[in-house]
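Working notes, beginning with the structure itself.
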Amino acid sequence: MLARMLQNEFRRKKGITLTLFIFVLLAAILVASGTRMIIELTHSIEHLFTQSKTPHVVQMHSGELDRYKVNEWTQANELVDQYQIVDMINVDGSHVYFGAESEKGSIMDMDFVVQNKDFDYLLNMNNERVQVNDGEIAVPVYYLQEKQLQLGDHVVIQDGTFNRSFRIVDFVRDAQMNPSIIHSKRFVISTHDFQKLQQSTGETEYLIEFRLLDPSKTNEFIQTYQHAGLPNSGPLVTYSLFQLLNALTDGVVAAVIIMVSLILIVIAVCCIRFTMLATIEEDYREISVMKAIGISGRDIRTLYLSKYVVIAGLACIAGYLSSIFVNRLFTSNIMLYMGIAPTTWLNEAISLFAVTTIFAIVLGCCSIVLRRFNQISAIEGLRSGTLGDTNISKMKLNLSTSRWSHSVPIFLALQDVIQRKRMFRLILLVFTVSTIIIIVPVNFLNTLRAPSFISYMGVGQSDIRIDLRYSEDVEQRYAELLKYVRTDNDVLRYSPLVTSQFNVRNNEGGYDHLSVETGDFNIFPLSYLSGSAPKTDNEIALSDANSREMDKKVGDPLVLMVAGREKTMIVSGVYQDVTNGGKTAKALLPYDKDRVLWYVVSLDLKDASQITDKIASYEKAFAPAKVTDLQGYLHQTLGGTIDQLKRVTIVVLIVSLLVSILITSLFLRMLVAKDHGDIAILRSLGFALSNIKLKYVTITLIVLSIGVLAGTVLANTVGPWIISAIMSSFGASHIEFVINPWQAYILCPLLLASAITIAALLSIQSIREASIVQMIVE
């Protein structure tokens, strides 16, 4: 009997059944996709690091290297399990060609290496060790994506009389240098080709790599290494920082998806409530009849609950299965850069648990709503045919004095909204939340693409940035560059900045490395979270990540080793930096030439239209300097993250519009069912159908306007806080949105309003069925 009744229910209410199914399906798909993406990202990074045997500590070094000293110290250190020194030939981009044009405008350092023997393996697209022969090359996967390269294409190195062509036979996944935010990329060539290259072009740099017996003692090992006076002319990077940098692009996207998924769960619960209220309103007489003939309230609830159990169960199963295919859209970047780790039962179990949670939430919501059956009286239901729960306010408008008196339908719509505020609060919540989840990703995407985002990378905003990496004559080249810039009449302002390493005393009394940038920080200023740029030589500004790790705030002391002596510095400010793991600082200190990491000159031109020509001029005059404009620097660094976020933004926009359309349809069906008698009276008084339709469309647009206004305000206040919470792990804990007014205030609300207006017009067609005659007969 129950099965037959359920079959009749599904057949009779196809529209509502399908709508509820879609809501639960969407919630299940997004929750399952978000959790699966987090799981796959975590496991893929872990699998990549395991297959490559990623080192626990890497000391990068430029200049002369005493291999015997490093080897002797390592042999005596009980913490070390394995160690190796990796030679890299750094070739300037202006000498590297993927086609007709060189990579002279690239900010990436192109390092040519051979496959490592013991660990830190460079892997192919199957996560197996790359193997190449003479004349062959394996290219970083970054260039596969950026340059659309294919197997069989050629990479040419041309430096003066030296000319060498390599055929691409594989693409490299590099656990150390995979993400675009790391400005170094390793190319794998054969040992013979490496020797030829080393004799002919480029500068040799080194990676001194260690794998420890106990990775938890990484900090202890670093302290020991730094006190031993070993080579350290370069950044020191740890296993955990490699993990963080690899997770940045997809981690941000996954966090946004999870955020949207959680919001959509709230909307889905509201939708279920609307659906059930609409169903109860339509079935009120039938429910009253069932009560009148003796069917218990428990049996009636079981009938309705069984219906939603079936709908929710099928939707959750379909959502879970669909998420497997939808997830490929979000995990394409993970598969490209890290590959997919072997699936375990835990992967699916967590996603299945997330979907099961949705199912439980749906049933819980249904159970709460179905308690309204206890309020249904058989006699009252048969007499009035409605629930009678209108929550009408005593507040009224006067038609004769209202400014809307010339348009009665609009007046009635306004009065309806005012008198039945409680009825509209849930749809108002849905419109508000829909607005938020449309505008927040759009604003975040615009923020990432805006020139001002450079400030979140610890860099002041300028027209041109010139980077000089280490070479034997780098000091001379730097001096010549400064002299040239000073005498360039096209330059409006410039700022030379030098980043070098200092030792800083930690809380345990030992010393850590700290990358400190020195120069004039007032020419191209940063925005500081607190405090300001250093103004004297005893002040230092810390990045947000360093501030939190060192537990230092503005005004706190910090001890640096300067020129071999301890110097107490005062923290003057805290800024944001998502580069180098966010571990940087700025101070007005003399730098040690032997510990310089890189030199940078930022400059503004008098005529910004000359940027392209001026870049070409500086590239030619100071090769192999890296000369980039601001937009190019941002694209090369964050291009992957921006592309991923674009996909998510489009998906979120479609889902939000779909949810808003469906909830509008549900709400108006419920409202028209509830107002069946009022509509019949209006028609008997001579109101045209178009006027009655106008009333309900106006009601929807009034609520939508309030929702869009509230959603826009929250998107621009709470939205940055949410995004800041996501980005805080990567070094930026206070994001301020760059808002495109056309998109945020016109286009997005207009799309939402258009979709909802169409949905409203289609959903109120049933008002033509209402008549006073039918009302009397009933």
Nearest heavy-atom pair of [X] and [Y]: which atoms, and what distance?
| X | Y | value |
| --- | --- | --- |
| K552 | V571 | CB-CG2, 4.2 Å |
| M110 | Y143 | CE-OH, 3.2 Å |
| L207 | V58 | CD2-CG1, 4.0 Å |
| P534 | I540 | CB-N, 4.2 Å |
| V139 | V155 | CG2-CG2, 3.9 Å |
| L48 | A175 | CD2-CA, 4.1 Å |

Got a second to check how far [X]'s [atom1] is from [Y]'s [atom2], nearest 0.5 Å?
| X | Y | atom1 | atom2 | answer |
| --- | --- | --- | --- | --- |
| M88 | K185 | CE | NZ | 11.5 Å |
| E209 | I85 | CD | CD1 | 10.0 Å |
| L213 | Q82 | CG | CD | 9.5 Å |
| I39 | H43 | CD1 | NE2 | 6.5 Å |
| D556 | I570 | CG | CD1 | 8.0 Å |
| L468 | L481 | CG | CG | 5.5 Å |

Yes or no on side-chain contact (heavy atoms from CB on, under 4.5 Å) for N219 and Q223, after CA distance, side-chain angles and deciding distance?
-> CA-CA 6 Å; N219 288 336; Q223 295 292 328; 5.5 Å; no
Within the supplied structure, the quantity of interest is the number of heavy atoms (other residues, nucleotides, ligands) at a distance under 6.0 Å from [X] [atom1]; does it exceed 12?
| X | atom1 | answer |
| --- | --- | --- |
| K196 | NZ | no |
| K553 | NZ | no |
| N126 | CG | yes |

Tell me if a side-chain donor or acceptor on [X] pairs with a main-chain N or O of [Y] at a distance below 3.5 Å.
| X | Y | value |
| --- | --- | --- |
| Q243 | I45 | no |
| K626 | G93 | no |
| H56 | L212 | yes |
| N127 | M338 | yes |
| T584 | S515 | no |
| Q176 | F242 | no |
| E203 | N90 | no |
| N116 | D118 | no |
| R173 | M125 | yes |
| E539 | K535 | yes |

For residues 214-223, pull every pair meeting salt bridge (Lys or Arg N to Asp or Glu O under 4.0 Å), keeping only residues two or more places apart or in separate chains.
->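 Not a single pair qualifies under salt bridge (Lys or Arg N to Asp or Glu O under 4.0 Å).
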Is the Lys NZ or Arg CZ of K586 less than 6.0 Å from the centre of Y575's six-membered ring, within 45° of the axis?
->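 The answer is yes; both the distance and angle limits are met.
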Between the side chains of Y337 and S44, is a donor N or O closer than 3.5 angstrom to an acceptor N or O?
->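 Judged by distance alone, the side chains do not pair up.
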Looking only at side chains, do D520 and S495 share a donor and an acceptor under 3.5 Å apart?
->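 Short answer, no.
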Check whether any side-chain heavy atom of [X] lies under 4.5 Å from a side-chain heavy atom of [Y], and answer yes or no.
| X | Y | result |
| --- | --- | --- |
| V91 | D159 | no |
| E566 | M561 | yes |
| L514 | M550 | yes |
| L149 | F171 | yes |
| V627 | F622 | no |
| F521 | L588 | yes |
| Y83 | N71 | yes |
| D87 | Y206 | yes |

Determine, step by step, whether L558 and L542 satisfy the side-chain contact (heavy atoms from CB on, under 4.5 Å) criterion, reporting the C-alpha distance in whole Å, the side-chain angles of both residues, the deciding distance to 0.1 Å, and the verdict.
-> CA-CA 10 Å; L558 192 70; L542 297 177; 4.0 Å; yes
What residues, two or more places apart in sequence or in another chain, satisfy ring-ring contact (aromatic ring centres under 6.0 Å, His included) together with F112?
->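 F112: ring-ring contact (aromatic ring centres under 6.0 Å, His included) contacts with F187.
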Electrostatic pair D81:K53 at N-O distance under 4.0 angstrom |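 A salt bridge is absent here (no side-chain N lies under 4.0 Å from a carboxylate O).
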E103 and K147 ion-paired at < 4.0 Å |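 Salt bridge between E103 and K147, a charged N being under 4.0 Å from a carboxylate O: yes.
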With ring centroids as reference points, do Y591 and W598 lie under 6.0 angstrom apart?
->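 So the answer is no for these two rings.
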Yes or no on side-chain contact (heavy atoms from CB on, under 4.5 Å) for I208 and Y225, after CA distance, side-chain angles and deciding distance?
-> CA-CA 11 Å; I208 307 171; Y225 183 94; 3.6 Å; yes
Take K567 and L589, measure what side-chain contact (heavy atoms from CB on, under 4.5 Å) needs, and give me the verdict at the end.
-> CA-CA 11 Å; K567 181 179 179 69; L589 293 172; 4.0 Å; yes
